[in-house]
J.: 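The structure follows.
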Amino acid sequence: MPQTVFDYYFDRETLQPFAEKYRGSFQTAQPFRHVVIDDFLPAEILRAVVNAFPKPGDADWQRFDASQEVKLALADEVLMPTPLRHILQQFNSGPFLDFLEDLTGISGLLPDPHLVGGGLHQIVRGGFLKVHADFNRHRRLGVDRRLNVLLYLNDDWDESWGGHLELWDRGMTKAVHRIAPLFNRFVVFATTDHSYHGHPDPLRSPEGVTRRSLAWYYYTNGRPADEVSPDHTTLFQARPGEAVRPSGLARAQDIARRATPPLLIDAARTLRSRRHAGH
């Protein structure tokens, strides 16, 4: 009888070979510590997850529509199909945390049961996420963000569509790596004030083909002294030749859009359109 997604659980024996194979390359990777592992989950398990992944109109997605990011996100497990909930919880399990500690050398890792900033991510044609370093503290839990974990869900991805995860050097002079968002590709990277990453160019996939991924973030109580900095939100960076980041009012408008529930944004847009139409 074939294994279903609900039968699948991480175990240390399966994960250990990945840790042994990749821990050295994680530590020495440039422009910052990271690793890319293909075929991370059993293919039949991940296909069940992909089949359950909601389309843009099939869930109450949080919509980010700002100068720095145009994407969809869903972090509330209650709103997710059950296969997604199951696999998300497996990545917050004890055996998986043991694996991450062994792989990265970072001890005392903590999961985020609230999936702040994580969960389901989806980019439609024309969407993007500008290069940035992530927020450094989980305000609700009071812990330090240390690792990002991504799992891509995209079958038959065409290189020409873009959507690559770009890893930039500290001086923002070039993208050192461009990682295609291929099916069952697993990415881990250290989260610091200088781990600049994103997929900054608009997605060129055909209409109806989206860039789908799952994201988890992991924390510790404290961090190395050379990584300590004041609490901050996302630190967006300008690429060479790119327009300067929005300042003052524009940034405030972006923040307001991100903080406003989608239903209120939609209602405001409807009201504005009615006013413009003379109703």
J.: Going by atom types only, do N148 and H34 share a side-chain donor-acceptor pair under 3.5 Å?
T.: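 H34 and N148 do not have a side-chain donor-acceptor pair below 3.5 Å.
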
J.: Find out if a path of hydrophobic residues (ILVMFWY) with successive side-chain heavy-atom gaps under 4.5 Å connects W216 to L97.
T.: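 Result: yes, single cluster for both.
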
J.: Sub-3.5 Å donor-acceptor pair from the side chain of E101 to the main-chain atoms of L109, do we have one?
T.: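 Indeed, once roles are kept as given, a pair shorter than 3.5 Å links the two residues.
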
J.: For a quick test of reading the model, state the closest non-hydrogen atom pair linking M80 to L115 and the distance between them.
T.: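 It is CE-CD1, 4.3 Å.
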
J.: Is V116 reachable from L214 through a run of hydrophobic residues whose side-chain heavy atoms are each under 4.5 Å from the next?
T.: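 No, it is not one cluster - the side chains of L214 and V116 are not joined through contacts under 4.5 Å.
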
J.: Regarding S229 and N136, do their side chains bring together a donor and an acceptor under 3.5 Å, going by distance alone?
T.: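 The answer is yes; a qualifying pair exists.
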
J.: Does a side-chain N-to-carboxylate-O contact under 4.0 Å join D158 and R204?
T.: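 Not counted as a salt bridge, because no side-chain N and carboxylate O are separated by less than 4.0 Å.
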
J.: Among all residues two or more places apart in sequence or in another chain, which pass the side chain to side chain donor-acceptor pair (under 3.5 Å) test with S93?
T.: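 None.
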
J.: If we count only N and O atoms by modelled type, under 3.5 Å, do the side chains of E77 and Q89 hold a donor and an acceptor together?
T.: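 Result is yes, a qualifying pair exists.
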
J.: Donor-acceptor pair, distance only, cut-off 3.5 Å: does the side chain of Q90 make one with the backbone of F10?
T.: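 Yes.
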
J.: Please round to the nearest 0.5 Å and tell me the distance separating atom CG of D134 and atom CG of D193.
T.: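 Reported to 0.5 Å precision, the distance equals 10.5 Å.
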
J.: At their closest point, which heavy atom of D102 faces which heavy atom of R23, and how far apart are they?
T.: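 Heavy atoms of D102 and R23 come nearest at OD1-NH2, 2.7 Å.
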
J.: Are R185 and V36 side-chain neighbours, meaning at least one heavy-atom pair lies under 4.5 Å?
T.: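 Result yes, sub-4.5 Å side-chain heavy-atom pair found.
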
J.: For a quick test of reading the model, state the closest non-hydrogen atom pair linking F53 to S213 and the distance between them.
T.: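 So the minimum-distance heavy-atom pair works out to CE1-O, 4.0 Å.
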
J.: Indicate yes or no for a side-chain donor-acceptor contact from W157 to the backbone of G162 under 3.5 Å, with no hydrogens or angles considered.
T.: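 Yes: the side chain of W157 pairs with the backbone of G162.
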
J.: Does D201 come within less than 4.0 Å of R239, counting only side-chain N to carboxylate O?
T.: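 Answer for the salt bridge query: yes.
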
J.: How are the rings of F186 and F40 set relative to one another: parallel (under 30°), tilted (30 to 60°) or perpendicular (over 60°)?
T.: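 It falls in the parallel class, under 30°.
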
J.: Could you grab the distance from atom CG of D11 to atom CD of Q16, nearest 0.5 Å is fine?
T.: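 Nearest 0.5 Å value for the CG-CD distance: 11.0 Å.
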
J.: So, does N154 use its side chain to make a donor-acceptor pair with the main chain of R212 at under 3.5 Å?
T.: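 Yes; at least one donor-acceptor contact below 3.5 Å.
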
J.: Out of curiosity, Y8 OH to L41 CG, how far, rounded to the nearest 0.5 Å?
T.: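 Spacing of OH (Y8) from CG (L41) equals 5.0 Å.
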
J.: For T191 and R146, which I'm curious about, is there any donor-acceptor pair between the side chains at under 3.5 Å?
T.: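 No - no donor-acceptor pair under 3.5 Å links their side chains.
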
J.: Name all residues meeting the side chain to side chain donor-acceptor pair (under 3.5 Å) criterion together with N184; count only those two or more places apart in sequence or in a different chain, and write none if there are none.
T.: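 Result, side chain to side chain donor-acceptor pair (under 3.5 Å) vs N184: none returned.
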
J.: Give the C-alpha distance, both sets of side-chain angles, the deciding distance and a yes or no for side chain to side chain contact (heavy atoms under 4.5 Å, CB included) between V35 and I37.
T.: CA-CA 7 Å; V35 69; I37 303 175; 4.1 Å; yes

J.: Between H177 and P31, is any pair of side-chain heavy atoms under 4.5 Å apart?
T.: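 With C-beta onward as the side chain, the pair touches.
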
J.: Can you tell if the side chain of Y217 reaches within under 4.5 Å of the side chain of D112, non-hydrogen atoms only?
T.: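 No - every pair of side-chain heavy atoms lies 4.5 Å or more apart.
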
J.: Which atoms form the tightest heavy-atom contact between L141 and P113, and what is the distance?
T.: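 In terms of heavy atoms, the two residues are closest at CD1-CD, 4.5 Å.
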
J.: Please say whether the positively charged group of R211, taken as NZ for Lys or CZ for Arg, lies over the ring of Y152, i.e. under 6.0 angstrom from the six-membered ring centre and within 45 degrees of the axis.
T.: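 That pair does not qualify as a cation-pi contact.
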
J.: Salt bridge or not for D169 and K174, using N-O below 4.0 Å?
T.: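 K174 and D169: not salt-bridged.
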
J.: Looking only at atom types and distance, does a side-chain atom of R178 sit under 3.5 Å from a main-chain N or O of L165, one as donor and one as acceptor?
T.: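 No, because the side chain of R178 does not come within donor-acceptor range (under 3.5 Å) of the backbone of L165.
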
J.: Is it true that L150 and F99 fall in one hydrophobic cluster, defined by side-chain heavy atoms closer than 4.5 Å?
T.: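 Different clusters.
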
J.: Looking only at heavy atoms, which two atoms of L147 and A190 are closest? And how far apart?
T.: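 The answer is CD2-CA, 4.0 Å.
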
J.: Check whether any side-chain heavy atom of Y219 lies under 4.5 Å from a side-chain heavy atom of P111, and answer yes or no.
T.: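 They are not in side-chain contact.
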
J.: Hey, does L100 have a side-chain heavy atom less than 4.5 Å from the side chain of V188?
T.: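 V188 reaches L100 side chain to side chain.
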
J.: Is the number of heavy atoms from other residues, nucleotides or ligands under 6.0 Å of D156 CG greater than 12?
T.: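 Open.
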
J.: Between H199 and I123, what is the shortest heavy-atom contact and its length?
T.: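 Answer, listing the atom of H199 first, then I123: CE1-CG1, 3.5 Å.
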
J.: Any chance you could lay out the salt bridge (Lys or Arg N to Asp or Glu O under 4.0 Å) test for D155 and R47, step after step, and finish with the verdict?
T.: CA-CA 9 Å; D155 280 303; R47 292 199 185 281; 2.9 Å; yes

J.: With a 3.5 Å cut-off and no angle check, do the side chains of E159 and H164 form a donor-acceptor pair?
T.: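 Note: E159 and H164 side chains meet the donor-acceptor criterion.
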
J.: Measure the shortest side-chain to side-chain distance between L84 and T82 over non-hydrogen atoms and say whether it is less than 4.5 angstrom.
T.: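 No, their side chains stay 4.5 Å or more apart.
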
J.: Give a yes or no on whether N221 atom CG has more than 12 heavy-atom contacts from other residues, nucleotides or ligands under 6.0 Å away.
T.: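 No, not enclosed.
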
J.: A side-chain contact here means heavy atoms from C-beta on lying under 4.5 Å apart; do V176 and W168 qualify?
T.: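 Side chain of V176 against side chain of W168, heavy atoms only: no contact under 4.5 Å found.
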
J.: In Å, rounded to the nearest 0.5 Å, how long is the span from CG of L110 to OH of Y218?
T.: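 Separation between the atoms: 11.5 Å.
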
J.: With side chains defined as the heavy atoms from C-beta onward, is the minimum distance between P81 and V49 less than 4.5 Å?
T.: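 No - every pair of side-chain heavy atoms lies 4.5 Å or more apart.
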
J.: For a quick check under 3.5 Å, do H138 and D144 share a side-chain donor-acceptor pair by atom type?
T.: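 Absent: no donor and acceptor within the cut-off.
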
J.: Using a 3.5 Å distance criterion without hydrogens, assess whether the side chain of H197 forms a donor-acceptor pair with backbone atoms of H132.
T.: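 Answer holds: yes.
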
J.: Sub-3.5 Å donor-acceptor pair from the side chain of R125 to the main-chain atoms of G208, do we have one?
T.: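 Flag not set: sc R125 to bb G208 has no pair under 3.5 Å.
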
J.: Measuring from W61:CH2 to H121:NE2, what's the distance to the nearest 0.5 Å?
T.: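 So the gap between those two atoms works out to 8.5 Å.
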
J.: State plainly whether the residues E227 and R33 are in salt-bridge range, i.e. N to O under 4.0 Å.
T.: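 A salt bridge is present here (some side-chain N lies under 4.0 Å from a carboxylate O).
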
J.: Can you establish whether the number of heavy atoms outside R170 located under 6.0 Å from its atom CZ is more than 12?
T.: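 Counting other residues, nucleotides and ligands, CZ of R170 stays at 12 neighbours or fewer.
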
J.: Classify the ring geometry of Y9 against H86: parallel below 30°, tilted from 30° to 60°, perpendicular beyond 60°.
T.: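 Correct class here is perpendicular.
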
J.: How would you list, by chain and number, every residue that makes a side chain to side chain donor-acceptor pair (under 3.5 Å) with S195, sequence neighbours excluded?
T.: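 Residues passing side chain to side chain donor-acceptor pair (under 3.5 Å) with S195: none at all.
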
J.: Measure the CZ-CZ distance between F128 and F64 for me, rounded to the nearest 0.5 Å.
T.: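 Atom-to-atom, F128:CZ and F64:CZ are 13.0 Å apart.
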
J.: Under 6.0 Å between ring centres, would you say that holds for F189 and F26?
T.: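 Distance test on ring centres: not under 6.0 Å, no.
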
